[in-house]
Protein chains: 2
Amino acid sequence: MLRLERTEINEASPTPLYRQLAEAIRTRIRLGDIKTGDALPSERELSDAARISRVTVRRAIETLLDEGLLSRKHGSGTYVAPRIEQQAGLLSGFSSDMGNRGLRPGSVWIERGAGNPTPEEAMTLGLGIDEFVLRFARVRTADGEPLAIERAVVPARFLESPDAVGTSLYAALEAQGHRPVRGLQRIQAGLATQEEARLLSVVPHAAVLRIERRSFLADGSPIEFTRSAYRGDRYDFVTEVREPRTPDTSR
Amino acid sequence: MLRLERTEINEASPTPLYRQLAEAIRTRIRLGDIKTGDALPSERELSDAARISRVTVRRAIETLLDEGLLSRKHGSGTYVAPRIEQQAGLLSGFSSDMGNRGLRPGSVWIERGAGNPTPEEAMTLGLGIDEFVLRFARVRTADGEPLAIERAVVPARFLESPDAVGTSLYAALEAQGHRPVRGLQRIQAGLATQEEARLLSVVPHAAVLRIERRSFLADGSPIEFTRSAYRGDRYDFVTEVREPRTPDTSR
DNA sequence: CAGTGGTCTAGACCACATA
DNA sequence: ATGTGGTCTAGACCACTGA
């Protein structure tokens, strides 16, 4: 049985109680103190043991439900859900994507500069045609092998200069306080053009995965428009999907 | 200014207040009463006007944050987020996917029957090799044109018989009370084999999008393993991605 | 039936934004 | 300084599950 004492909770910490509690439970699950299929102590028990109000306990549990670590059954209990490997469907740039796959990211620059947006870019990024954009085109490599061609466009006002981008565009954006929080991706299958084949070291007409991404800041403003072509033989895209309706029975 | 009166809330309804309130706000946004970028009335104002506690008001707002309809700024206010077209990243079967795209779904059966799982299927679906599975293989059509080849495997215990599946596998599963709530998809680009080319009416070596999906019930049990091959020239896969970290500043 | 999660309240205090 | 969202509490009642 999981025993959670008040001692695990740091009253003075600036971290909210519900997050500390969520983290404590997450840790117990990771360590195997409570295993897949086991029931968590009831909300009231947790509340008593940790001396935290039940509302706050529920909030912690809801965090873990969102993460897919727990599942609740009305009238029955809260259970540790079977592991669904990694978290997918998360917004990440090429660099952290490769990191998750255990590959070393790299890049070879094709183009880096500023200019006026094309009408399509202006539309996608919600820009006037007089606002500048920065362009970044690279061959992205994994462990030194070419894996993708990536062409990114970012409104100029979000970055000091094109040179602010080292290996990771996302890192550069975040450094300036512009962190994308959501994105919309369109994925297609296609055949490599002559030029793509050359850059990716594949034969012409090899299969490529084309990914188009628009990402947005928390307030909804578009911050990035990227088109990529990945080698079909070396890359797959993993995504997690959730239930469509909004029964919202979970909270 | 948005005016929300208590009259919009039906005290007697079995629908929870927070959902009624969320629906009311959703409607106001859809009707254009409050437009993109506008601030919502403060939580306290909404609470007073609707005579609903602030906690409950927050809960309604959180629902809409999850849907991407609103964004919150600490110390400032809650705003209507710019529209990000449709909801993507949702779990849906072929039939409803086509419905969303305004196409008429159809199918031509290739195989329908029961059998023992392959080792791979047993592993993926968490089955013993003595448990039966049902198999459904179809050419899926959109407005009568072949669009994809879909091969689904479902543990036999979730369906009365293979014939329970008409056009929609998901509809059949749901009819038996087994609704998948999350799925994991793997997407790859490839070239059509001879047989695929024939079934899809494309030339051999045309680009195809291969999608592998495992989906799960609320309690985490695997319920479906499906492999599909979509025509690359007629289909794109759209998905929404969210921020990776868990700042969870939204709730 | 007892025990569990689901919903709701009124009120408090803190942290941040804006002027 | 005021107003906004962010966190937290104690307690209540309902709805569902399972012995």
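Of the candidate nucleotides D:dT9, C:dG5, D:dG5, D:dT9 has the atom lying nearest to any side-chain atom of A:Leu17. The nucleotide whose nearest atom lies closest to any side-chain atom of A:Ile52 is, among C:dT4, D:dT17, D:dT9, D:dT9. Side-chain proximity of A:His74 to D:dA15, C:dC8, D:dG6: nearest is D:dA15. Of the candidates C:dT18, C:dT9, D:dT7, D:dT7 carries the atom nearest the A:Pro16 side chain, counting heavy atoms from C-beta on.
Residue B:Arg58 has no polar side-chain atom (N or O) positioned under 4.0 Å from OP1 or OP2 of D:dG5. Close to C:dT4, at under 4.0 Å from its OP1 or OP2, lies no side-chain N or O of A:Thr78. Between D:dT9 and A:Thr56, a contact under 4.0 Å exists linking OP1 or OP2 to a side-chain N or O. The phosphate of C:dA17 has neither OP1 nor OP2 within less than 4.0 Å of any side-chain N or O from B:Ser76. Dashed line: the shortest gap from a side-chain N or O of B:Tyr18 to OP1 or OP2 of C:dC8 is not under 4.0 Å.
Taking 3.5 Å as the limit, the base of C:dG6 and the side chain of A:Arg54 contain a donor-acceptor pair of atoms between them. A:Arg44 contributes no side-chain N or O that forms a donor-acceptor pair with the base of C:dG3 under 3.5 Å.
B:Arg59 has its CZ atom 7 Å from the C1' atom of C:dG6, to the nearest Å. Taking atom CG on A:Leu70 and atom P on C:dG5, their separation rounds to 11 Å, with Å as the unit. For the pair B:Lys73 NZ and D:dG5 P, the computed distance is 12 Å after rounding to whole Å. Rounded to whole Å, atom C1' of C:dC16 lies 14 Å from atom CZ of B:Arg72. Rounded to a whole Å, the CD atom of B:Glu43 is 14 Å from the C1' atom of C:dA15. In this structure, B:Leu40 atom CG and D:dG3 atom C1' are separated by 15 Å, rounded to whole Å. The distance from atom CD of B:Glu62 to atom P of C:dG6 is 15 Å, rounded to the nearest whole Å.
Between B:Phe158 and B:Pro222 the shortest heavy-atom distance is CE1-O, 3.7 Å.
Between the side chains of A:Glu224 and A:Ser215, a donor-acceptor pair is found at a separation under 3.5 Å.
A salt bridge does not link A:Glu62 to A:Arg59: none of the charged side-chain nitrogens sits closer than 4.0 Å to a carboxylate oxygen. A salt bridge is absent between B:Glu67 and B:Arg30: the closest approach of a Lys/Arg side-chain nitrogen to an acidic carboxylate oxygen does not fall below 4.0 angstrom. A salt bridge between B:Asp48 and B:Arg44 is absent, with no side-chain N of the basic residue lying under 4.0 Å from a carboxylate O of the acidic one.
The residue among B:Val55 and B:Gly75 whose nearest nucleotide of DNA chain D lies closer to the 5′ end is B:Gly75.
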